[in-house]
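All remarks here apply to the structure that follows.
In each ligand, atom 1 is the first atom listed, and ligand 1 is the first ligand listed. These numbers come from a predicted model, not from an experiment. Both backbone and side-chain heavy atoms feed into the values below; hydrogens, waters and symmetry mates do not.
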Amino acid sequence: MKQFLVDIALPVPLDKTFTYITPPELQPLAKAGSRVLVTFGKKTLSGVIVGFPAVAPVQGLKPLIDLLDAEPTFSEEMLRLTRWMSEYYFAPWGEVLKAATPQGLTIERTRHVRLAVEDIRSALEATKRTAPKQHAILAALQHGNDLTVAQLQKKTRASRIHAALHQMEQRGWITVEEIAKPRAKPKLEKFVQLTDGGKGSLYQLDASTDEKSGRLPPKQRALLLALSGAEQRQRVQGVLKHAGASLSTLRTLEQKGLVAITLREVVRESEYEPIEPPPHITLNQYQQHAVQTIAAAIQEVRYKTFLLHGVTGSGKTQVYIETIRLVLAAGKTAIVLVPEISLTPQTVRRFKAHFANDVAVMHSRMSVGERFDAWRLAHEARIKIVIGPRSAIFAPLRNIGLIVVDEEQEASYKQFDSTPRYNARDVAIVRASNTKAVVILGSATPSAESYHNALSGKYEMLVLPERVDNARLPSIEIVDMTKERKWVYEELKKEVKERQGEFPKRLPIVSISHVLKDKIRQRLQNNEGTILLQNRRGFSHVVECYDCGFVEQCDNCEVTLTYHVTKKHLRCHYCGFVKKPPTVCPKCGGIEIRFHAFGTQQVQQELQGLLPEARLLRMDLDTTSRKGAHNRLLMEFGTGKADILLGTQMVAKGLDFPRVTLVGVISADTQMLLPDFRSAERTFQLLTQVAGRAGRSDLAGEVIIQTLRPEHYSLKHVVSHDFPGFYREELEYRRELDYPPFSRIVLVEFKGEKENEVDHHAKKFGEFLQPSAGKYFTVLGPAEAAIPKIKNRYRTHILIKNFKSTDPSGSQLRTALVKARQQYEASALSKNKKIQLTIDVDPQGMM
Ligand code: ADP
Ligand code: ZN
């Protein structure tokens with residue numbers, strides 16, 4: 001007899017799908033994209049039907065336990081997209097599908113225990129002394145309700161009850177049943193309406209103001225009156241509150257046939273009130289041009305990507321809104337991706353103001369129920385626009401016309417800490433090309449990759465060159481901190497000479513120049529605001545020359561060498577190059593070689609010493625960890641309760657405070673010196689962003705950037721507001737050293753508790769890979785990661801540069817990597833389960 005077979009993608013770390021038999025009763029319902037329950041080893045897992053094989057690959061296949069969907073969760077289109085992701089990002093298909101499943105739909109497995117014993121009394125008696133745990137379980141169950149294992153654990157105050165349960169099950173005293181249920185369900189609420197009879201009695205009530213003839217008790221009357229004004233069904237909760245009555249009173253009215261209570265589904269929505277009606281806006285010429293060009297592509301119904309390049313406030317969001325309007329008019333749907341939804345509530349409010357109930361928001365701060373509702377509304381085509389962070393790219397919309405990726409360069413689009421390690425921007429482009437949709441990548445500071453694609457014609461560039469409000473660009477001044485230090489040194493010398501004292505052994509660290517100090521003081525006098533940026537990341541120490549600012553770089557990779565405190569050496573974490581730290585500066589011969597790392601806290605102290613009268617707020621991870629702290633700090637600063645806002649890159653994003661006329665960057669070098677090939681690009685982006693915080697149409701802003709490398713190209717172009725100039729130089733450097741966009745980078749990471757094991761595994765994997773290297777890719781390392789140990793686990797990296805010129809789709813590298821991984825898994829190494837191997841394609845961070 002022919003078996004009805006299905007291939008199932010399961011969320012297990014194995015690079016394959018699994019075949020099961022569909023039992024006859026499920027056969028008519030088993031469709032591709034539907035979720036099923038299966039036994040896998042000793043576990044029960046939920047997976048997705050992805051295929052219908054004709055022949056069984058092996059003997060002894062198991063049947064499906066159950067089918068979880070009446071309608072498939074995943075469309076053909078989503079199956080195709082997730083499959084591409086699985087191949088491109090080296091992630092099991094089942095894991096990708098799991099990431100694309102909204103949380104509320106995931107199955108929470110619970111074991112339910114039910115009493116089956118006939119004579120409970122004698123069972124209780126029998127266990128009383130000999131088996132106290134069983135006795136307690138029986139006692140808990142004796143009133144007839146099913147209890148979950150978790151509930152039983154709580155009631156019996158014992159955690160290890162599994163053995164007891166097992167024995168009792170064997171004796172036939174209880175049954176244990178696995179019940180799978182979705183964690184979120186549609187939310188139902190009670191609604192109430194007057195029946196015709198109710199309306200009649202109301203009529204009587206009205207006619208007779210006399211208490212006695214009213215017949216109904218006052219609470220019931222009050223309820224009927226509360227319902228009398230409404231034509232439609234009312235929420236029960238609201239009515240009860242309004243009438244000051246209880247549910248039982250309402251039930252009494254129901255029994256008398258005066259009201260009808262029904263359950264109806266309600267949609268849970270998160271807080272974006274109040275929504276004001278959108279202002280009437282006439283697009284300026286640049287916006288019009290952008291909208292018209294994009295509209296033409298939408299009409300042609302073909303895939304195309306636009307790079308919309310315009311500073312903050314140049315009207316990009318308005319362009320998204322107008323193009324979405326066209327998409328909806330054409331009967332299609334849209335996805336809007338934003339980097340971090342908690343930082344962009346205004347954007348969400350704006351979309352709601354324009355598109356009202358056509359929009360659903362999806363983000364992680366929403367409750368499981370809210371997320372589930374948003375997902376379901378999209379799945380059932382009851383909404384047309386989904387807005388959210390990276391995971392919103394999985395929105396189950398059909399007929400997509402447009403995908404917007406706002407601030408496309410943001411690293412938060414990349415999932416870096418769990419499988420699949422995807423970049424939502426790139427997935428958006430693939431999804432759009434599968435569905436003949438248009439993509440808008442919007443940015444004030446595009447990534448080098450996207451800018452290159454726009455220059456080469458792969459994308460079309462649209463520019464919004466001016467701010468809508470005509471604010472002037474701020475004037476930007478670079479302060480050379482090496483000179484500043486010399487100046488401090490000379491002052492100190494003079495002072496020491498005057499008082500004939502002794503010269504200090506160590507020079508004081510100066511993080512605020514006198515230029516910056518004077519400018520801040522001016523702002524204090526004028527009651528204007530100052531933003532100070534100190535983007536210090538704790539973990540990367542570099543060694544620099546105090547006199548000239550020289551910092552050692554790798555001879556091979558042109559990235560900053562990192563100082564390793566334990567081994568006391570400098571190391572390149574791309575290629576493993578090692579060097580002793582210099583004692584004499586190779587550039588100027590100076591001997592003041594020291595660490596460079598001062599954080600926001602130190603700067604805060606120094607500022608308070610220099611300007612004790614200033615009211616200062618610090619904003620970094622430490623001061624914003626509590627919910628709402630971020631907003632509170634911004635409010636305080638915005639309303640003028642503080643003079644200075646000092647913080648990490650958080651202060652660079654999305655803030656719009658008219659009172660800010662000065663922006664100071666304490667050290668442009670902290671970002672510039674991170675051992676990452678994107679450090680110059682990130683510096684340029686960050687400085688451009690933070691500079692944009694200063695100045696309005698009436699008050700021109702000033703920006704002070706302090707640095708030890710005033711001649712660095714990323715600074716030069718920030719000062720002259722020259723985007724193309726920066727990208728030209730940056731792309732030149734990338735081309736020379738085969739970094740993206742000219743190559744694709746793949747990071748293979750080994751992690752584990754024993755350093756020698758981690759190293760050995762990495763070395764072996766490198767050996768499996770090395771023979772295929774050459775024409776299509778090169779292999780660097782293994783080398784200790786820039787952060788060599790996290791949470792007591794050592795990390796070693798192999799870095800692969802995959803050349804786009806010879807292997808444009810990456811398929812050659814993929815074949816080689818799959819082969820190397822198979823060899824690795826077939827070898828004795830794979831027995832060591834304590835070493836974790838991860839493959840990260842297009843990593844955003846290289847640390
Ligand atoms: P961006 O997304 O580039 O930061 P927005 O679209 O948010 O720019 O525009 C900045 C502000 O200017 C918003 O308050 C917006 O309502 C307003 N705005 C946008 N376009 C126009 C226009 N053509 N005329 C007047 N105001 C506009
Ligand atoms: Zn190197």
Do Ser513 and Gln706 pair up side chain to side chain, a donor and an acceptor below 3.5 Å, judged on atom types alone?
yes

Cut-off 3.5 Å, side chains only: do Thr333 and Asn399 have a donor facing an acceptor?
no

Quick one: does Val311 get within less than 4.0 Å of ligand 1, heavy atoms only?
yes

Using a strict 4.0 Å cut-off to heavy atoms of Thr282, name the atoms of ligand 1 that fall inside it.
22 (C), 23 (N), 24 (N)

If the cut-off is 4.0 Å to any non-hydrogen atom of Asn284, which atoms of ligand 1 fall inside it?
23 (N)

Identify the protein heavy atom lying closest to atom 13 (C) of ligand 1, giving its residue, its atom name and the separation to 0.1 Å.
Arg350 NH1, 4.0 Å

One finds that the ligand 1 atoms under 4.0 Å from a non-hydrogen atom of Ser314 are 3 (O), 8 (O)

Quick one: look up the protein heavy atom nearest atom 25 (C) of ligand 1 and list residue, atom name and how far away it is.
Val468 CG1, 3.6 Å

Aromatic rings Tyr451 and Tyr727: how do their planes relate, parallel, tilted or perpendicular, breaks at 30° and 60°?
parallel

Please determine if Arg659 forms a cation-pi arrangement with Phe637, meaning its NZ or CZ atom is less than 6.0 Å from the six-membered ring centre and no more than 45° off the ring axis.
yes

Does Gly313 come within less than 4.0 Å of ligand 1, judged by its heavy atoms?
yes

Checking Ser443 against Gln409: is there a side-chain donor and acceptor pair closer than 3.5 Å?
yes

Would you mind listing which atoms of ligand 1 come within a distance below 4.0 Å of any non-hydrogen atom of Thr312?
4 (O)

Heavy-atom donor-acceptor pair, Tyr88 side chain to Val841 backbone, under 3.5 Å:
no

Under 4.0 Å from atom 11 (C) of ligand 1, is there at least one protein heavy atom?
no

Would you say the side chains of Glu681 and Gln685 form a donor-acceptor pair under 3.5 Å?
yes

Looking at ligand 1, does Arg467 have a heavy atom less than 4.0 Å from it?
no

Any N/O of Gly315 closer than 3.5 Å to an N/O of ligand 1?
yes

Does a donor on one side chain sit under 3.5 Å from an acceptor on the other, for Asn423 and Tyr413?
no

Heavy-atom donor-acceptor pair, Glu77 side chain to Arg398 backbone, under 3.5 Å:
no

heavy-atom search around atom 2 (O) of ligand 1 in the protein gives Thr317 OG1, 2.5 Å

Looking only at non-hydrogen atoms, the one of Gln288, Gln285, Lys316 nearest atom 3 (O) of ligand 1 is Lys316

Identity and distance of the protein heavy atom lying nearest atom 20 (N) of ligand 1
Gln287 NE2, 3.0 Å

Looking only at distance, does Gln318 have an N or O less than 3.5 Å from an N or O of ligand 1?
yes

Among all the protein's non-hydrogen atoms, which is closest to atom 16 (O) of ligand 1, and how far away is it?
Ile281 CD1, 3.4 Å

Salt bridge or not for Asp643 and Arg523, using N-O below 4.0 Å?
no

Within the 4.5 Å heavy-atom criterion, are Pro396 and Met78 side-chain neighbours or not?
no

Can you tell me which portion of Leu283 lies within the under-4.0 Å heavy-atom range of ligand 1? Options are side chain, backbone, both, or neither.
backbone

